[in-house]
Amino acid sequence: MINGDDVYALLKTAETFLKSVGLSDPKSDAEVLLSFVLQTKRSKLSLIRNQKLTDKQISQYKEYILRRSQREPAAYITGFAGFMDFEFKVNKNVLIPRPETELLVEAVLKFATQENKKSVLDLCTGSGCIAIGLAKLGSFKNIAASDISNDALKIAKENAQINDAFDIDFIASNMFDSIGNKKFDIIISNPPYVSDEEYNYLEPELKYEPKLALTAQDEGLFFYKEIAGEALNYLNFGGLVVFELSANKSSEIKQIFLDNNYKDIEILNDYSGLPRILKAKHYT
Ligand SMILES: C[S@@+](CC[C@H](N)C(=O)[O-])C[C@H]1O[C@@H](n2cnc3c(N)ncnc32)[C@H](O)[C@@H]1O
């Protein structure tokens with residue numbers, strides 16, 4: 001299956017093998033995992049194409065390629081994922097940060113700059129990628145990040161340290177239950193939104209991710225209803241709630257926010273043109 005002892009041969013045979021099991025981007029997976037084994041940048045692989053690997057490196061690479069062929073995400077194999085140009089530690093207790101979620105961070109950075117907003121709560125923080133991205137790229141005075149999972153919060157705190165983002169207040173909380181009487185200018189969230197029915201049809205890779213991070217009762221709408229019902233109590237006047245959308249339920253979700261007296265509701269599309277972000281304001 002995987003042959004050779006130099007970079008070029010190993011990459012080629014790994015790519016062919018991963019393609020044969022149906023992976024959509026086998027070249028990328030083969031390169032990411034080899035650069036992890038060699039502890040080198042992926043972009044450097046072509047410069048060392050004739051380099052021989054040790055027996056230990058070859059057997060490690062074969063093990064990683066086998067795990068990837070069984071559809072374990074590369075980020076769980078390497079233990080790291082990139083988000084907004086920063087590195088985040090990930091394990092099976094946290095969702096792997098997604099490129100679409102970067103749009104959420106960008107939307108908040110823009111709003112915060114335009115309207116001089118200084119405090120933000122990241123609900124359902126997981127790996128901490130959103131809160132840490134905001135801490136690194138924004139000029140907030142007060143950032144809180146919450147999650148129901150203590151295992152996830154442990155990783156989020158490690159990520160804050162890895163990325164030198166020291167001023168985030170991490171809170172263990174079932175949605176708003178333990179947020180206390182604080183109020184924020186912005187509430188941001190990428191909540192779980194996969195219905196139990198949809199969960200059965202997800203790509204095999206997603207079955208490695210925590211079900212707690214993916215599924216929501218009430219046909220995937222539970223957390224949107226929670227946020228719509230509660231966020232007004234935790235937002236300063238003129239504040240913004242902004243969250244990632246389940247693209248196929250965007251109209252229903254918008255209606256939930258209209259029914260709860262939010263104003264200036266706006267939906268933004270992701271890179272593939274799908275509705276992905278909902279922004280709504282508090283004016284009541
Ligand atoms: C879709 S993941 C988002 C993680 C991260 N913010 C991101 O964008 O990559 C949802 C997160 O919600 C958390 N979660 C699930 N149920 C929750 C609840 N009732 N209260 C707070 N957090 C919850 C999960 O532990 C998970 O970390």
Side-chain angles (χ1 to χ4, degrees), residues 73-112 117-180 182 184-194 205-206 208-216 223 226-227 231 234 240-245 276-277:
Y76 285 149
I77 300 172
T78 64
F80 280 93
F83 183 81
M84 311 268 339
D85 287 337
F86 304 106
E87 280 275 292
F88 287 84
K89 183 173 172 178
V90 291
N91 67 16
K92 289 175 187 172
N93 296 316
V94 295
L95 190 92
I96 299 165
R98 304 291 204 270
E100 305 86 81
T101 308
E102 295 182 351
L103 296 172
L104 201 57
V105 174
E106 281 162 11
V108 163
L109 288 170
K110 192 168 161 198
F111 174 79
K117 301 295 186 191
K118 294 290 176 197
S119 62
V120 58
L121 167 65
D122 171 24
L123 274 180
C124 303
T125 195
S127 64
C129 59
I130 293 176
I132 294 166
L134 292 173
K136 297 296 292 178
L137 301 170
S139 49
F140 294 95
K141 288 204 172 111
N142 169 18
I143 302 182
S146 65
D147 203 285
I148 197 172
S149 160
N150 283 315
D151 291 330
L153 285 172
K154 187 168 171 274
I155 296 290
K157 286 177 191 167
E158 279 184 51
N159 279 324
Q161 282 206 323
I162 291 169
N163 287 294
D164 295 330
F166 296 114
D167 292 332
I168 301 171
D169 182 16
F170 288 103
I171 306 167
S173 182
N174 179 1
M175 292 309 280
F176 292 93
D177 288 359
S178 305
I179 301 301
K182 302 180 195 86
F184 300 87
D185 294 331
I186 301 168
I187 296 178
I188 182 169
S189 185
N190 176 17
Y193 54 69
V194 175
E205 277 81 355
L206 277 93
Y208 284 85
E209 300 197 82
K211 198 169 178 205
L212 179 69
L214 293 169
T215 59
F223 291 98
E226 281 278 302
I227 294 171
Y234 296 86
L240 182 83
V241 59
V242 53
F243 51 83
E244 194 163 316
L245 276 180
R276 186 60 64 195
I277 292 173

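The residues of the chain are indexed from 1 along the displayed sequence.
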Just how far is it from atom [atom1] of [X] to atom [atom2] of [Y], taken to the nearest 0.5 Å?
{"X": "Asn159", "Y": "Phe170", "atom1": "CG", "atom2": "CZ", "value": "8.0 Å"}
{"X": "Ile277", "Y": "Leu103", "atom1": "CD1", "atom2": "CG", "value": "4.5 Å"}
{"X": "Asn174", "Y": "Ser146", "atom1": "CG", "atom2": "OG", "value": "9.5 Å"}
{"X": "Tyr234", "Y": "Met175", "atom1": "OH", "atom2": "CE", "value": "10.5 Å"}
{"X": "Leu212", "Y": "Ile148", "atom1": "CG", "atom2": "CD1", "value": "6.5 Å"}
{"X": "Asn190", "Y": "Phe243", "atom1": "CG", "atom2": "CZ", "value": "11.0 Å"}

For the residue pair [X] and [Y], what are the closest heavy atoms and their distance?
{"X": "Phe166", "Y": "Gln161", "answer": "CE2-CA, 4.3 Å"}
{"X": "Phe223", "Y": "Pro191", "answer": "CB-CB, 3.7 Å"}
{"X": "Leu214", "Y": "Glu209", "answer": "CD1-CB, 4.2 Å"}
{"X": "Phe111", "Y": "Ile186", "answer": "CD2-CD1, 3.8 Å"}
{"X": "Val120", "Y": "Phe140", "answer": "CG1-CD2, 3.9 Å"}
{"X": "Ala75", "Y": "Thr78", "answer": "O-OG1, 3.4 Å"}

| query | Does the pair Asp169 and Ile143 meet the rule for a side-chain contact (heavy atoms from CB on, under 4.5 Å), with working shown? | reply | CA-CA 6 Å; Asp169 182 16; Ile143 302 182; over 6 Å; no

| Mind checking whether Thr215 and Pro192 have side chains closer than 4.5 Å, heavy atoms only? | no

| task | Take Val242 and Ile187 through the test side-chain contact (heavy atoms from CB on, under 4.5 Å) and record every step on the way to the result. | result | CA-CA 6 Å; Val242 53; Ile187 296 178; over 6 Å; no

Tell me which donor-acceptor pairs under 3.5 Å the side chains of residues 80-97 have, and how far apart each pair is, sequence neighbours excluded?
{"residue": "Lys89", "atom": "NZ", "partner": "Glu158", "partner atom": "OE1", "Å": "2.6"}
{"residue": "Asn91", "atom": "OD1", "partner": "Asn93", "partner atom": "N", "Å": "2.8"}

Acceptor/donor pairs from residues 121-137 side chains to any protein atom, 3.5 angstrom cut, sequence neighbours excluded:
{"residue": "Asp122", "atom": "OD2", "partner": "Thr125", "partner atom": "OG1", "Å": "2.6"}
{"residue": "Asp122", "atom": "OD2", "partner": "Ala131", "partner atom": "N", "Å": "3.3"}
{"residue": "Ser127", "atom": "OG", "partner": "Cys129", "partner atom": "N", "Å": "3.3"}
{"residue": "Lys136", "atom": "NZ", "partner": "Asn163", "partner atom": "O", "Å": "2.8"}

| request: Could you give me the CA-CA distance, side-chain angles and deciding distance for Val108 and Lys117, then say whether side-chain contact (heavy atoms from CB on, under 4.5 Å) is met? | output: CA-CA 9 Å; Val108 163; Lys117 301 295 186 191; over 6 Å; no

| query | Sub-3.5 Å donor-acceptor pair from the side chain of Ser173 to the main-chain atoms of Ser178, do we have one? | reply | yes

| Would you say Lys118's side chain and Ser139's backbone share a donor-acceptor pair under 3.5 angstrom? | yes

| task | Begin from the C-alpha positions of Lys182 and Ile171 and carry the test side-chain contact (heavy atoms from CB on, under 4.5 Å) through to its verdict. | result | CA-CA 12 Å; Lys182 302 180 195 86; Ile171 306 167; 4.2 Å; yes

| In terms of side-chain heavy atoms, does Thr101 have a donor or acceptor partner in Glu244 at a distance below 3.5 Å? | yes

